[in-house]
Student: 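Below is one structure. I have some questions about it.
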Amino acid sequence: MLRSSSALRLLIPRGSGSAFCTSASEKIVAAVLFERLPVVIPKIHPAVYAFQEFSFRWRQQFRRQYPDEVLGKSDARGRGDYQIDYVPAPRITEADKTNDRKSLQRALDRRLYLLLYGTSYGMPPDKPVWHFPEKVYENEETLRLCAESALTSVLGDLSHTYFVGNAPFAHMVINPTESEPGLPDFKRFFFKSQVIATNKFNIRKCEDHVWVTKDELMEYFPEQAPFLNKMIIS
């Protein structure tokens, strides 16, 4: 059974200034959507492939015919002893076959997102949940630095990461629910960061972790699917 967080009231900010207004007792949490970009070109949709094939054949009707001696010189150019036969790597990896969600060597043509399993702010300490890397804002100079600190605590350093922009790109407002009325009010701001030049991290300070695609992400947060579909574009 997949473990998910409790129901939340979700909002996407329209302005940059008003989103940071909060009461003295209301906490602010900086969360990081840490993603690995596709490492291979995604497969072309059959409809797109059919259109490209039609366009190519249509252009062939009007292309200029060059003499064979010209085309022969073009074909021979660049050939020599240094030529190497290229063998593409397989698109389906061992991690794909075993559904190893802890590996970055899977779903090579899709974006992957890091999820942690453990304690999260706003949830009871004895109730671990799946969540993004996060940290409560304290006295950092900017909210971006707070987000960097959240990711650093999980990865150890940021040498293989790249933060996209200085401002958050989405936020959610969390209010107590009927089932858990004692939980605090707070706002969670999301920053985006990307994996750079590595395919393995030593994830720490959590009970478990997974790298999942956008579709798989919805399995962990079914109640927040409408918000995540708007927040994550892939």
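All of these numbers come straight from a predicted model, not from anything done at the bench.
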Student: Nearest heavy-atom pair of A170 and F227: which atoms, and what distance?
Tutor: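 Closest heavy-atom pair between A170 and F227: CB-CZ, 4.3 Å.
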
Student: Minimum heavy-atom separation for N199 to Q105, with atom names?
Tutor: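 Distance-wise, the nearest heavy atoms are CB-OE1, 3.6 Å.
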
Student: side-chain contact (heavy atoms from CB on, under 4.5 Å) between L151 and K135: does it pass, once the steps are laid out?
Tutor: CA-CA 9 Å; L151 196 56; K135 181 182 182 298; over 6 Å; no

Student: Would you sort out whether Y113 and T213 count as a side-chain contact (heavy atoms from CB on, under 4.5 Å), showing the intermediate values?
Tutor: CA-CA 6 Å; Y113 304 95; T213 64; 5.9 Å; no

Student: How about D157 and S159: does a side-chain donor come under 3.5 Å of a side-chain acceptor?
Tutor: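 Checked: D157/S159 side chains pair up, N/O donor to acceptor below 3.5 Å.
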
Student: Do L37 and R111 pass the side-chain contact (heavy atoms from CB on, under 4.5 Å) test, and can you show the C-alpha distance, the side-chain angles, and the key distance before you say yes or no?
Tutor: CA-CA 5 Å; L37 299 177; R111 294 172 184 249; 3.2 Å; yes

Student: Mind checking whether V212 and F190 sit in one hydrophobic cluster, side chains of I, L, V, M, F, W, Y counted as touching below 4.5 Å?
Tutor: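 Per the 4.5 Å side-chain linkage, V212 and F190 are co-clustered.
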
Student: With heavy-atom distances below 4.5 Å as the criterion, would you say the side chains of D185 and I174 are in contact?
Tutor: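 No - every pair of side-chain heavy atoms lies 4.5 Å or more apart.
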
Student: Quick one, R57 and E53 - any side-chain contact, counting heavy atoms below 4.5 Å?
Tutor: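 Yes, side chains in contact.
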
Student: Provide the closest heavy-atom pair for V154 versus P133 in the form atom of the first, atom of the second, distance.
Tutor: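 Between these two residues, the closest heavy atoms are CG2-CB, 4.2 Å.
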
Student: Going by the side chain to side chain donor-acceptor pair (under 3.5 Å) test, name the single residue among T93, N99, T98 that passes it with D96.
Tutor: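 The single option meeting the side chain to side chain donor-acceptor pair (under 3.5 Å) with D96 is T93.
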
Student: Check the hydrophobic clustering (I, L, V, M, F, W, Y; side-chain heavy atoms under 4.5 Å; chains of links allowed) and say if I196 and V164 are grouped together.
Tutor: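 Result: yes, single cluster for both.
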
Student: Applying the side-chain contact (heavy atoms from CB on, under 4.5 Å) criterion to W211, which one of D100, L114, L115 satisfies it?
Tutor: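 By the side-chain contact (heavy atoms from CB on, under 4.5 Å) criterion, W211 pairs with just one of D100, L114, L115: L114.
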
Student: Give a yes or no on whether the backbone of R110 and the side-chain of R36 come within a donor-acceptor separation of less than 3.5 Å.
Tutor: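 Confirmed, R36 side chain pairs with R110 backbone.
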
Student: Would you say V210 and W130 make side-chain contact, with heavy atoms under 4.5 Å?
Tutor: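 The answer is yes; the side chains approach within 4.5 Å.
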
Student: Rounded to the nearest 0.5 Å, what separation is found between the NZ atom of K192 and the CE atom of M231?
Tutor: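 The distance works out to 8.5 Å.
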
Student: Do S193 and E35 meet the criterion of a side-chain donor-acceptor pair at a distance under 3.5 Å?
Tutor: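 No donor-acceptor contact under 3.5 Å links the two side chains.
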
Student: Are F169 and V29 co-members of a hydrophobic cluster defined by side-chain heavy atoms under 4.5 Å apart?
Tutor: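 Yes; F169 is reachable from V29 via cluster members.
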
Student: Enter the distance from L116:CG to D208:CG here, rounded to the nearest 0.5 Å.
Tutor: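 Those atoms lie 9.5 Å apart.
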
Student: Donor-acceptor pair, S120 side chain versus M123 backbone, under 3.5 Å?
Tutor: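 Between the backbone of M123 and the side chain of S120 there is no qualifying donor-acceptor contact (under 3.5 Å).
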
Student: State yes or no: do F201 and V39 share one hydrophobic cluster built from I, L, V, M, F, W and Y residues joined by side-chain heavy-atom distances below 4.5 Å, directly or via other members?
Tutor: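 In one cluster with F201: V39, no.
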
Student: Hey, could you give me the CG/CZ distance between L112 and F34, rounded to the nearest 0.5 Å?
Tutor: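 One finds 11.0 Å between CG of L112 and CZ of F34.
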
Student: Minimum heavy-atom separation for A30 to A147, with atom names?
Tutor: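 Shortest heavy-atom contact: CB-N, 3.8 Å.
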
Student: Decide yes or no for L145 and Y137: does some side-chain heavy atom of the first lie under 4.5 Å from some side-chain heavy atom of the second?
Tutor: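 Not in contact.
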
Student: Atom CD of residue position E141 - does it have more than 12 heavy atoms of other residues, nucleotides or ligands inside 6.0 Å?
Tutor: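 Atom CD in E141 is not crowded, with 12 or fewer foreign heavy atoms closer than 6.0 Å.
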
Student: Would you call D109 and K43 a salt bridge, using N to O less than 4.0 angstrom?
Tutor: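 Salt bridge absent between D109 and K43.
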
Student: Please report the shortest heavy-atom distance between F62 and W58, naming the atom on each side.
Tutor: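 Minimum heavy-atom contact is CD1-O, 3.4 Å.
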
Student: Check whether any side-chain N or O of E140 sits under 3.5 Å from a backbone N or O of E138 as a donor-acceptor pair, and report yes or no.
Tutor: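 A pair under 3.5 Å: yes.
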
Student: Can you tell me how far apart CE (M172) and CG (L228) are? Round to the nearest 0.5 Å.
Tutor: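 Those atoms lie 6.5 Å apart.
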
Student: Which heavy-atom pair separates N166 from F191 by the least distance, and what is that distance?
Tutor: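 In terms of heavy atoms, the two residues are closest at O-CE2, 3.4 Å.
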
Student: Under the side-chain contact (heavy atoms from CB on, under 4.5 Å) criterion, do V195 and T161 qualify, and how do the steps go?
Tutor: CA-CA 5 Å; V195 176; T161 68; over 6 Å; no

Student: Between NE2 of H160 and CG of L155, what distance do you get to the nearest 0.5 Å?
Tutor: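 Those atoms lie 10.0 Å apart.
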
Student: Under 4.0 Å between a Lys/Arg side-chain N and an Asp/Glu carboxylate O for K187 and E134?
Tutor: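 Judged by the 4.0 Å cut-off on N to carboxylate O distance, K187 and E134 do not form a salt bridge.
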
Student: Nearest 0.5 Å please: distance from the NZ atom of K97 over to the CZ atom of R106.
Tutor: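 Answer for the NZ-CZ pair, K97 versus R106, is 14.5 Å.
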
Student: Does K27 qualify as a cation-pi partner of F186, given the criterion of NZ or CZ under 6.0 Å from the six-membered ring centre and within 45 degrees of its axis?
Tutor: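 No.
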
